[in-house]
Structure formats: structure tokens, C-alpha cells
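Shown next, in C-alpha cells, is the structure this report addresses.
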2 protein chains.
Amino acid sequence: MNLRDLKYIVAVADCSHFGHAAERCHVSQPTLSGQIRKLEDELGITLFERTKRSVAITPVGETIVAHAREILEQAKTIRQLAQSHQDPLVGPLRIGAIMTLSPYLMPLILKPLRDRLPQMQLVLSEEMTETLLERLRKHEIDAALIATPVDAGEFSTIPLFDEAFWLAHPRNHPFQEKKNITQKDLDNTELLLLSEGHCLADQAMEVCHMKARAEQGDMADLHAASLETLLQLVGVGFGCTLVPDLAVQGIRMNDKDIITRRLQQKDAYRRVSLVFRRSFPRRQALDAFIEVVLDNLPDTVIRLS
Amino acid sequence: MNLRDLKYIVAVADCSHFGHAAERCHVSQPTLSGQIRKLEDELGITLFERTKRSVAITPVGETIVAHAREILEQAKTIRQLAQSHQDPLVGPLRIGAIMTLSPYLMPLILKPLRDRLPQMQLVLSEEMTETLLERLRKHEIDAALIATPVDAGEFSTIPLFDEAFWLAHPRNHPFQEKKNITQKDLDNTELLLLSEGHCLADQAMEVCHMKARAEQGDMADLHAASLETLLQLVGVGFGCTLVPDLAVQGIRMNDKDIITRRLQQKDAYRRVSLVFRRSFPRRQALDAFIEVVLDNLPDTVIRLS
DNA sequence: TAGAATTATCGGTTTTCCCTATATCGGACC
DNA sequence: GGTCCGATATAGGGAAAACCGATAATTCTA
């Protein structure tokens, strides 16, 4: 059996005439006759009762043709489905982003994205870096926005932009008196950090030359689960923290108890990249997505392409 | 696209491994790879995201494979349908019979038929000869039991048995005194007849050398619509009629006011045949049906095979 | 009885499918 | 780092199938 054969028998059932059916199927009448004969042999039944003068379908033939029609409909559906997905920009794009980036970046790009790529449906998720990479591996997401370098291996990485760290301290903190915050100031300060697994914590520690988390002892209970929580803690005077640029842009106006200050250090930034499986087939969708992202970043970040 | 291709993509979707899928489909791995590649090209989309190390289905691929599964199910259904109809004895057999035969023959054969050919479902209809032939032509029935010769042409005819005509007259009719009813007696008698179109009326007229119906004038109002009605008329003394053998066997015991007598004439019988389209494919079903009919006729009829 | 219409058959050509062998790539192991 | 193992992809040739044109066979029509 064969989709072609089914098309043939449906045509004959419709036309009750081998010649006309053959014409409809764009084959010669002998070809169509032969194929139908072969199908009948294969099924072991007579589908059409032929005389030299007429063609009539048998009762079994009738029910089988009904099934054949359904099959051909389904096949058409498959072709249409494929058709509508031929444009790689069309269809859902599943993007994951780290939690210290997503809430501040997404509001900037969602609307432009909807305007520029209305056919692309963005499916967002927020996870920590390791979880994102794991989900990439399991094909649960198509790409991840992270701020940690990954080995080439199975993934490709496209650097998007560098994002400076700002210092956030409470209104009446000693830092308020200082004009410039130096590397030394930072080194002597205990920062409030996000809980384990958040890359921001590691990056902050690196910037401040802090020791590994494991050696810090009882500071652990001050590790917050989200940047928002962290800023709340800063707001009520618990201490300072480092905040990436996009988050600063997002919060600066809202809270009078938090002072955010640019750091002078050259290396106080993190590099945000898009990571995806090297084999991901809709590369053009990613390129289009990247373009929208870069076009809608504030000028406080440094674009990399 | 192709049923084989769909089988291939379902296999790959199930196995996530070209080699294993190829094994399941009993083809080599390059063959399967090539066909899937070709299908992807034809559809213009990527169904599977492959690395040298692994295979994962794309979202479009997922939905397409779902449709493919349904198609394959339908195809399986077709094959099963064909399978269960491969025995020509299986399935409905639509038999039409003339109204002067059906009520007396069918009771004799229905039970034996159900015993001997339980898989064959008999669909009965009763019509006049012309209507039966028309329905044969339109494939509405598969065969007809009639008592009139038909031209070979599109139909085949198998004679089944000869059925004698009996004379039926009321209890106190002049015929009662006679020991033998002669041809001459009949010729001088006006018979009650069935209404136009029933072959029995023509046959009775022929046996009695009656003139054509059109010339009979006001006898028309005594033409009955069924044999049972005719016999009721005989029973209440309206006149005589000819009754075919099987009907006599059916009614003889029931009515004390009707006398049935065998005719001595050699040609006072009608030939009952089975007629069917020459192209009808289930000839064996007809043969089996005929065998059951012949095996269950009373010995008062003369079997012809 | 000739002609038109219709399905079946035949021989040869083209297309498709399939297989074996091999290339290529990525990961694992030493 | 080299080598082997496990995957998928590619190439070439051979077998099967599908297809076509021409023609036969049959039946209806005029």
C-alpha cells in the first residue's frame, strides 16, 4: 500500500472511470489500472467491479476508500503544517535566561519583538545557569541567555553585550561619604550575595576578590534567592551588593533608600551571551532574536556585534 | 511523501537512533537516513535535529509524527478490513426475489443458511422482476431470484429449479366434481391474476392460453397485489388461480376453503433462476448460496443442478 | 457491421529504492 | 594527543517499481 495508490482508488471511486481518474492523477490509464490491480492483489480483495463499459465500487471498496480519504486528508495536513513552518522565523522559540537578567532584559525586548517578528512566539523561562544548560541538552529550550562562559563542545555561544556592575548601598552607608569607590574599598566590604548557583554571586565575589563561598561561615543566611530580595535587604540597611547594569536601569528610579554607583574598575562587568545547541536548525530565528535584543538595549551596555 | 517514509519517521521518533530505527524497518541505516533526508527536503523543514552523537525531534517534527502515527493506524485498519473480507463467503450478500417466490422460499433456507454460512449476512428484498433487474444494474443488490428468462448481456443466469403450477379453486367450484383438470378446462376458465408487472400473471395467462391482459376489459379490478390476497379471493369464492408449487406447500394445510390440485400439463411450470451481474466478484458466495437453496427445497420441485 | 468507448496487456524506459563500502565527525579511553 | 568506538552522512551500482505508448479485447451504439 502506498499514498499514491490511495489517491488512485479515491480518484476512481470519484470518477467511476479509469481514464478520467488517470487524467486527474496525471498518469496514463494503463499505469493507474496496473497500480489498482496490484493493490487489489496485495489486499486480496476486489475494490472495483469492472466491466468493459463501467466501473462500480464494491461494498468493501467503499469503506476502504472512506479510510483512504481520511488518510489523504491527514497527509495534506502534514504538508500544510510543514508549509507553515518552512519560514524558520515562524513558530515558538523557547528562550531561557538567568534570573538576574531576565526580569530586566525581557521588558525591553518583548514589545519590539512582537512588532518585528509577530510570527515568532517567544516562550520564556528563568533558571540558573546550570539548569538552563541541562534543559538545552534535553531540548526543552532552544537557547539560553547566560553570563558564564561555556565550553564549545555541543554548544555554540554568541556574545551579545558586556554589562557593567554597579555598587548598591543603603542611603546612610559609609560609602555615601566617598567620592570614588576603589577596588580596595570593595575588597574590605562584605557583600550581600545571591544563594548558591546564581552566577551573579560568583561574579560579585570575583570582582571583590572575595574568598570562596565555602569559607565564609555564617554569612550564608544572608544569601538571597533573587536580586529583588537582595535589593530589599540593601534598602533596609543590611549591607551592599553589586548589581548588573540592566537591573540598575530597571530599579534606579524606584527606591530612594538605595544608592547605586558606577564602579571605576575596568573588569567590573559580566559578558552576556546566547548559547544554543550547535545542531539547532533554526539559526535564522536566533539571529533575528539577537538583532532585536541588540537594537533595544540601553546605551549603558557595550554591544559586542 | 509516502507511507514508508512515515513509518521511517515514526521509527526514528520512537528510537531516537537512526540505526535502531533502520533495523526496526528492516532496511539499512543509509537507506533510512536518505529517505528521511529526502522527506525533509520535500517538506522543506527539519524533522530531526541530529548530531553525530544523538537524534532529537523538532517541535514541528513532533506534531507531524503524531499525524503520521494516525495515518499508519488508518492504513492498518484498511489492511485488517481487507483481511476480514478476503473470504468471499464473508460479508453481506444482497439477494432480491420476486414476491411470488420470496415468502415461500426464504423460510426454507434462512435457518440452514445461518447454520452453514454464519459469516454471510443475507440482505433480502422483494420486488417485481423489472425492479430487481434495475437494482442489479445499479449495484443495489448482488443477485436476483426470478422466474423470467433474461438476455445474457450484462447478466449471468443460473437456472435453479422448475416449479409446477397448481390450480387453486374454491371448495364448491364446478372443478370439484372433475377428476382431472384438462388444458381445455383451463382455457375456458377466467383466472384471478396478480396485478401488472408480476411475472406470475404472465405465466398463468400463458399456461391457460389467455389473451393479452389489455384485451380483458373489466376484469382489471380483480387483479390482486399479492399472492396471499389472491388466495383470499379464491377462498371466498371469487374464482380460481394458478399457484406455484412452493406457495402451495406453504398454504395447503392452512385453508379448508381452498382446493389445490396438480395440473397434468407438461408445460405448467416456471423456471426459477438466479441472475447476477457477470462482473460480480464474489461468485463463490453465490455458489454457496445456491447449494444451500437446492439442498433445502422440497422434493416437489425439480432441481436443475 | 463498423466505429466509438473503455479497460487490460505488453515491452521498453525511467525513476526510485536499497545495499555495501566508506567518509566524517564526536566522544571516550589510554 | 592518538586511537578506537559509535553515529550519521555520502557515493556508486544494481534491483525493483512505476510509468508510458501502442495495442488488444470487449461491449455498446448507430
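- No side-chain donor-acceptor contact under 3.5 Å links Arg282(A) to the backbone of Phe280(A).
- Counted within 6.0 Å of CG on Asp151(B), heavy atoms from surrounding residues, nucleotides or ligands total 12 or fewer; the atom is thus considered open.
- When distances are taken from the side chain of Phe18(A) to each of dT7(C), dT9(C), dA9(D), the shortest belongs to dT7(C).
- Not a single donor-acceptor pair under 3.5 Å links the side chain of Glu127(B) to the backbone N or O of Arg135(B).
- Nearest nucleotide to the Val27(B) side chain, out of dT7(C), dT10(D), dC18(C): dC18(C).
- When each of Arg277(A), Arg283(A), Arg278(A) is tested with Glu49(B) by the rule salt bridge (Lys or Arg N to Asp or Glu O under 4.0 Å), just one qualifies, namely Arg277(A).
- At a threshold of 4.0 angstrom between heavy atoms, the contacts of His26(B) are confined to the sugar-phosphate backbone, with no base atom among them.
- Environment of CD in Glu23(B): sparse, with no more than 12 heavy atoms of neighbouring residues, nucleotides or ligands closer than 6.0 Å.
- In this structure, His20(B) places its NE2 atom 10 Å from C1' of dA7(D), rounding to the nearest Å.
- More than 12 heavy-atom neighbours from other residues, nucleotides or ligands sit within 6.0 angstrom of CD on Glu40(B).
- Atoms NE2 (His17(B)) and C1' (dA7(D)) sit 6 Å apart, rounded to a whole Å.
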Check nucleotides 14-18 of chain D against the protein and report each pair of N or O atoms closer than 3.5 Å, with its distance, or say if there are none.
from, atom 1, to, atom 2, distance (Å)
dA17(D), O3', Lys38(A), NZ, 3.2
dA18(D), OP2, Gln35(A), OE1, 2.9
dA18(D), OP2, Lys38(A), NZ, 2.6

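- Annotation: of the two residues near DNA chain D, Gln29(A) and Arg50(B), the 5′-most nearest-nucleotide partner is Arg50(B).
- Side chains of Gln29(B) and Ser33(B): a donor on one and an acceptor on the other come within 3.5 Å.
- Across the protein-nucleic acid pair, Leu39(A) atom CG and dA8(C) atom C1' stand 17 Å apart, rounded to whole Å.
- The distance between atom CD of Glu23(B) and atom P of dG6(D), rounded to the nearest whole Å, is 14 Å.
- Atom CZ of Arg137(A) and atom P of dG27(C) are 11 Å apart (whole Å).
- Across the protein-nucleic acid pair, Asp41(B) atom CG and dT10(D) atom C1' stand 14 Å apart, rounded to whole Å.
- Residue Gln284(B) qualifies as open at atom CD: its count of foreign heavy atoms under 6.0 Å is 12 or below.
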Grab the N/O contacts between the protein and nucleotides 27-30 of chain D below 3.5 Å, and write none if there aren't any.
from, atom 1, to, atom 2, distance (Å)
dC28(D), O4', Arg53(A), NE, 3.4

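- Between Leu32(A) atom CG and dG21(D) atom P the separation is 14 Å, expressed in whole Å.
- Nearest to the side chain of Ser28(A), among dC20(D), dT8(D), dA8(C), sits dC20(D).
- A salt bridge links Arg69(A) and Asp14(A); the closest N-O separation between the charged side-chain nitrogens and carboxylate oxygens is under 4.0 Å.
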